[in-house]
Amino acid sequence: ETGVTQSPTHLIKTRGQQVTLRCSSQSGHNTVSWYQQALGQGPQFIFQYYREEENGRGNFPPRFSGLQFPNYSSELNVNALELDDSALYLCASSPSGSRDEQFFGPGTRLTVL
Amino acid sequence: GENVEQHPSTLSVQEGDSAVIKCTYSDSASNYFPWYKQELGKGPQLIIDIRSNVGEKKDQRIAVTLNKTAKHFSLHITETQPEDSAVYFCAASGRSNYQLIWGAGTKLIIKP
């Protein structure tokens, strides 16, 4: 069974640019959640996608947006990057019968200069 | 708002001893409490979880206890080993949308 995968592993961008991060969910999982983890802190919920629809959003501005595709993979897009967006971005997938059980990928480390 | 407090922030124990990490949650509607282990450069790994209809759950050297009245839950690791060294996070389900509210993490150091 393949776990959650994320790409790229690392990314460096400059302020004002746009970035797209990708996530492939674990086999059999139809829910994807995205989190932002700043250095030395716990993850902060960005949003969740269930059956290609946004299913809840945390306290993040609209320049954070996402998509979920029919194969349940997902993208996180961030526009107009700010220095504070530098963080580890984590994707988690959940099985349909237990959407609060979240299994995480390795994350994408984003650095904004 | 919803929050989860986690203590201690750092815990150093001798190899073979037990380690206990405690969390308190604020939202009485929370009904799912997972614990994650995060090693350097990796994503969080789910190690054990408990739901609000259960008071205790054990999996080999790891156990979790839940006190709904006090809104406390704890992680217990017995017979600690060097590979247990990592940052441990507790989390609680949010009021809606299956989001998890996370504690700030505990850095567990196992001394040889």
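All chains are named by letter (A, B, ...) in the order of the sequence lines, taking the proteins before the strands, and each is independently numbered beginning at 1. Atom set for the values below is all heavy atoms of this structure, side chains included, hydrogens, waters and symmetry mates excluded.
In this structure, B/Q60 places its CD atom where only 12 or fewer heavy-atom neighbours from other residues, nucleotides or ligands lie under 6.0 Å away. Counting non-hydrogen atoms of neighbouring residues, nucleotides and ligands closer than 6.0 angstrom, the CZ atom of A/R63 exceeds 12 such neighbours. Within a 6.0 Å sphere centred on CG of A/L83, other residues, nucleotides and ligands contribute more than 12 heavy atoms. The 12-atom threshold is exceeded at CZ of B/R61, counting heavy atoms of other residues, nucleotides or ligands nearer than 6.0 Å. Heavy atoms from other residues, nucleotides or ligands lying under 6.0 Å from CG of A/N71 number more than 12. Counting heavy atoms of neighbouring residues, nucleotides and ligands inside a 6.0 Å radius, atom CD of A/E53 does not exceed 12 of them. Taking a 6.0 Å sphere around CD of B/E79, one finds it holds 12 or fewer heavy atoms contributed by other residues, nucleotides or ligands. Within 6.0 Å of NZ on B/K22 lie no more than 12 heavy atoms contributed by other residues, nucleotides or ligands.
Put simply, the side chain of A/F45 does not reach to within 4.5 Å of the side chain of B/W102, judged on heavy atoms.
When the candidates A/G107, A/P43, A/S33, A/C91 are compared by the number of heavy-atom contacts under 4.5 Å with chain B, A/P43 comes out ahead.
Side-chain heavy atoms closer than 4.5 Å link hydrophobic residues (I, L, V, M, F, W, Y) into clusters, and following such links, possibly through other members, connects A/L21 to A/V112.
Note that CD of A/E101 is 11.5 Å distant from OG of B/S93, once rounded to the nearest 0.5 Å. A distance of 9.0 Å separates CG of B/L100 from CD of A/Q48, quoted to the nearest 0.5 Å. Here A/Q41 contributes atom CD and B/F89 contributes atom CZ; the two are 9.0 Å apart, rounded to the nearest 0.5 Å. Of the inter-residue distances, the one linking B/N31 atom CG with A/D100 atom CG reads 6.5 Å to the nearest 0.5 angstrom.
Contacts between residues 36-48 of chain B and chain A, counted as heavy-atom pairs separated by less than 4.5 Å, involve B/Y36, B/Q38, B/G41, B/K42, B/G43, B/P44, B/L46.
Heavy atoms of A/Y50 lying under 4.5 Å from chain B are absent altogether.
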